[in-house]
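Just below is one structure, and these are the notes that go with it.
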Amino acid sequence: MKKLINEPEGVLNDALVGFAAANPDLVVNLEDRYISRGPTAGKVALVSGGGSGHEPLHGGFVGYGMLDAACPGEVFTSPVPDQMLAATKAVDGGAGVLHVVKNYTGDVLNFQMAAELAGDDGLQVESVLVNDDVAVENSTYTAGRRGTGGTVFVEKIAGAAAERGADLAATAAVAREVNDRSRSFGIALSANVIPATGKPGFELGDTEIELGVGIHGEPGRARGQVSTARELAGVALDAIHSDMPLSGDVLVMVNGLGGTPLIELYVVYAAVSEWLEGHGATITRNLVGNYITSLEMAGCSITVARMTPELTELWDAPVQTPALRWGR
Amino acid sequence: MKKLINEPEGVLNDALVGFAAANPDLVVNLEDRYISRGPTAGKVALVSGGGSGHEPLHGGFVGYGMLDAACPGEVFTSPVPDQMLAATKAVDGGAGVLHVVKNYTGDVLNFQMAAELAGDDGLQVESVLVNDDVAVENSTYTAGRRGTGGTVFVEKIAGAAAERGADLAATAAVAREVNDRSRSFGIALSANVIPATGKPGFELGDTEIELGVGIHGEPGRARGQVSTARELAGVALDAIHSDMPLSGDVLVMVNGLGGTPLIELYVVYAAVSEWLEGHGATITRNLVGNYITSLEMAGCSITVARMTPELTELWDAPVQTPALRWGR
Amino acid sequence: MDTSAFQAWVHEASLLITEHASRLTDLDAAIGDGDHGINLRRGFQAADEMIEKSESETDTPGAVLRTVGRALISKTGGASGPIYGTGFRQAGKALGDVTDVDAVLLGSALEAAFNGIQQLGAAHLGDKTLLDALGPAVTAYQVAVEDGGDIVAATRAAADAAERGLAETIPMLARKGRASYLGERTIGHEDPGAASTALIMRALATVAAGEAS
Amino acid sequence: MDTSAFQAWVHEASLLITEHASRLTDLDAAIGDGDHGINLRRGFQAADEMIEKSESETDTPGAVLRTVGRALISKTGGASGPIYGTGFRQAGKALGDVTDVDAVLLGSALEAAFNGIQQLGAAHLGDKTLLDALGPAVTAYQVAVEDGGDIVAATRAAADAAERGLAETIPMLARKGRASYLGERTIGHEDPGAASTALIMRALATVAAGEAS
Ligand SMILES: Nc1ncnc2c1ncn2[C@@H]1O[C@H](COP(=O)(O)OP(=O)(O)O)[C@@H](O)[C@H]1O
Ligand SMILES: Nc1ncnc2c1ncn2[C@@H]1O[C@H](COP(=O)(O)OP(=O)(O)O)[C@@H](O)[C@H]1O
Ligand SMILES: [Mg+2]
Ligand SMILES: [Mg+2]
Ligand SMILES: [Mg+2]
Ligand SMILES: [Mg+2]
């Protein structure tokens, strides 16, 4: 394992020190382990969090128009309730706090405990679950679908709603609407290596790929063979389309998993936009780049959200975070 | 080789199609192979270009406050004079065109021919050479230092000067000043694979790294052993410091070469900021992320520029490009 | 078992988990995200330290287990942090402030742990989770006690049953937690949480038998 | 050599370079960026096509070479595009509009190519560039002509000398182009540009001898 780190156990702390130095306008609490922009009086606050290794998610999305705080766990390990509680208290502006939770057992349980503790302390907390990954089948009998790329859309759009003054129930409703309208599918060309173990999560042959991967280095739903970007985009979009028929205005993200060069993401985006055009959907907004990664995994995920004019307006609203900025 | 591409020969074209679809506000000329934002009357235009595989450089820096056009060559191969000439003509707003050229024999010769052809056609063209890489020794007897991370600084700051109305000579002077004040050093943990060959540019053992690499998959100046981020940052900064003593206000970029996760770049940034603080320099501005990459190479480069208040003001000026945006 | 025996259990469990951390992580890499051993080592070491430091708050067996539960929740993260944390907290609550725990009371505590985890995580037996080790362990414990066994015999029966339960997770298809994303591909692997539960039950039997290190 | 012989040279060079593209690329991977074969294959195939298509503009040997030069500049990219492009253009200019080129005139054309490249790239003999194959080739050609050799003999001498020159680049330390960044690490490798020059000179000798495919 070759990584630009000091000691494997210190990765998260060192990265937070670096993040703090690079973003002097944000508050990084190293003790309680959260990143925040402080409270905004009267505004609903958005708090998210999850395992580290997905950067820029979530810390890179803290700032005007998006999150108020992010709680980074150890690499690929959900954060603990203490962090979430501390962050929730730190950003509560009196209008309540929305927890944006990716649907993983660990994230769900830890956020649930944090919400209970916050409730005990008199805070008003709502939670919204992101579960956009269509690669997970039979989801009613299992832990359900994972939260992946749709998280970026939920955090951006609900963040804009909160910034505009939506109350807690309305902000939560927007977040749930975005989640309901978003679907993702991921493809890995290589595994990643967790610093603490130093070993790849799975081994792939020279021509093998993993179809339907999440963002934690776990193997995918099925193993496949290397193929063209066009075909792989088709596999991902077929899966999405058969779950949620695509038409009308869509917001699309072609997201790099961490080890894939941007030039390839543009090749994929070309294929995605060709496919969608062929199926009568219109891409009105897009993101191409590394937004929710899986350490150095090579591959990409494709996320599509069916948009309404209102959601597009919220998407376009100003955002000023380390990783996403426009409009102000 | 596993890549998200269609045919190796079509990578550049496919990526440009994708880039065009993703950036409807920019003009992508597939025939002549350039990306532009069209001419701005009365403004000095900045044209850059170079081999592809370094994305977001240069196409991702076309937009308000930065480049007017970018000419992407084949992967790691300088573009041809025809492209540069077409781009130069396309963005000339009557105030002359500045060619920002990274110091590689191929880039220099091709841009030189383009400038001659443009001159023959009555256009006013100046060229500025970026050569910030301190890893290249004995540079007076060779092709000279490479242009690497400093290019991002030159394009941003000279772009801001042009946007503010600086004339061609003044814009070129700012660009040269930024180059003179910038130094870079790169470290690779793995090689990259050019789509057309499908083979890694070099082979590294499990604990080997390349010190002083450029951005084209060529081996570095020396082979080293894996070490902590802190030590590697020290190696890079010592090399920079012994070439250009660092003190006062500095602009710093910790740049991912394409295959290194962002969390590691923050770990490196923590080490860089600790080192600089210890040496009495003050980081006033920074970039942490993938800005000038080398396909999927794992590793990073560190670029430091000694700033003046005027240069910092130009750095802060609004910029609206796919890869860099703030202030408007 | 008195307070110090429960403290010894935590210490022994922490040692066992630390010793087997990389095996637990490897099991998790196969069907999860490869952090189970790292998570639990961090959590149990923190719990063990907290027990050593905060003597006043851990002066009964119940207090020890409740403190362990809180420590696991605060330091572990992942799915296993809240799950094991809840298990220990519920067990601790079941012990009340009794200072010397007999075989029957320990049985109720184990059952409370099982029920707490079941309620929190909504998993069923056969879903390939740590319940598939803990469930058989609790049952075997109670059968042993009903058959007149003492704490030593009953905890040994529980530990043996947890290990058999672990083996029985191999052919199961995961329906809960991260492994459930892999569907069919989880068949043929031990569940990492069941493996750590087997270690924790083994630690209990060892301590009860007075053989702890 | 008449116009069609020069066209045949370009065709033969294109074939040879295509055949050896991956070797050229491997040489470049060792001390450069691994694209030389890809670059030249793209450039020479484009040049060959352009010659085939635009007959009217390539009706003299000089016009053929000037067209090749322009095509190489427009299609190759990298360092080798402008360098070979300039070489062919200068050679083409030296031929003027002569329709049948004799041994002496071809010698001047080769010398013009060398000088044009030398001026453009500012490399010196010994810097480990394609000049280290082209220089010896030009010299050997001229010596052969001075010794009374015909075009067949002189081009063969040139091709042989280019190959020897290529071998002599192995111990050299690169001082120009991308390889120069590697300093000492370039010692022990053939220069890719010298290797392609040897192929181009061999193509010339083959065509001159009437043995082209
Ligand atoms: N809903 C659940 N109920 C009971 N145990 C569960 C549940 N979900 C997961 N687990 C247990 O947690 C283990 C994984 O723990 P761990 O790897 O630490 O967390 P994570 O899955 O968040 O990475 C699984 O092997 C399983 O035994
Ligand atoms: N200044 C120069 N003069 C002559 N030849 C040069 C010079 N610089 C580079 N070359 C030749 O170009 C070859 C490399 O060509 P190529 O790989 O196509 O371009 P690039 O270096 O831009 O990738 C080198 O092997 C060398 O022979
Ligand atoms: Mg985990
Ligand atoms: Mg090249
Ligand atoms: Mg796990
Ligand atoms: Mg090359």
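Only a predicted model underlies this, so the values are computations on that prediction, with no experimental measurement involved. Below, chains carry the letters A, B, ... as their sequence lines are ordered, and counting in each starts from 1.
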Exercise for the section: Mind ranking Gly217(B), Pro81(B), Gly73(B) by heavy-atom pairs under 4.5 Å with chain D and telling me who comes out on top? Expected result: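 The answer is Pro81(B).
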
Exercise for the section: Heavy atoms only, distances under 4.5 angstrom: which of Arg146(B), Glu74(B), Met113(B), Arg223(B) has the most pairs with chain D? Name it, please. Expected result: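 Winner by heavy-atom pair count: Arg146(B).
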
[X], [atom1] atom: more than 12 neighbouring heavy atoms under 6.0 Å:
| X | atom1 | value |
| --- | --- | --- |
| Lys2(B) | NZ | yes |
| Asp120(B) | CG | yes |
| Arg89(D) | CZ | no |

Drop me the distance from [X]'s [atom1] to [Y]'s [atom2], to the nearest 0.5 angstrom.
| X | Y | atom1 | atom2 | result |
| --- | --- | --- | --- | --- |
| Phe76(B) | Asp33(D) | CZ | CG | 8.0 Å |
| Leu109(B) | Ile83(D) | CG | CD1 | 5.5 Å |
| Asp28(D) | Ile194(B) | CG | CD1 | 8.0 Å |
| Ser78(B) | Asn39(D) | OG | CG | 7.5 Å |

Problem - Among Ser74(D), Ser180(D), Ala30(D), residue most engaged with chain B (heavy-atom pairs, under 4.5 Å) - result: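 Heavy-atom pair counts peak at Ser74(D).
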
Practice task
Name the option with the most non-hydrogen atom pairs under 4.5 Å to chain B; the candidates are Pro82(D), Ala174(D), Gly81(D), Ala79(D).
Solution key: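 The candidate making the most pairs under 4.5 Å is Pro82(D).
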
Against chain B, label [X] side chain, backbone, both or neither, depending on which of its atoms sit under 4.5 Å from a heavy atom there.
| X | value |
| --- | --- |
| Thr25(D) | side chain |
| Ser80(D) | neither |
| Ala179(D) | neither |
| Ile38(D) | side chain |

So which part of [X] gets closer than 4.5 Å to some heavy atom of chain D, the side chain, the backbone, both or neither?
| X | answer |
| --- | --- |
| Asn110(B) | both |
| Ala135(B) | neither |
| Glu203(B) | neither |
| Gln83(B) | neither |

Problem - Proximal to chain D - members of residues 100-108 of chain B, heavy-atom separation under 4.5 Å - result: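 Residues of residues 100-108 of chain B touching chain D at under 4.5 Å: Asn103(B), Tyr104(B), Thr105(B), Gly106(B).
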
Exercise for the section: Pull out the residues in residues 5-16 of chain B that come under 4.5 Å of chain D, heavy atom to heavy atom, sorted by number. Expected result: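 Residues of residues 5-16 of chain B touching chain D at under 4.5 Å: none.
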
Handout entry: Flag side-chain contact, heavy atom, 4.5 Å: Thr77(B) against Arg42(D)
Key =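 SC-SC contact between Thr77(B) and Arg42(D) confirmed.
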
Problem - Step-by-step side-chain contact (heavy atoms from CB on, under 4.5 Å) determination, His216(B) to Asp35(D) - result: CA-CA 10 Å; His216(B) 295 91; Asp35(D) 63 358; over 6 Å; no

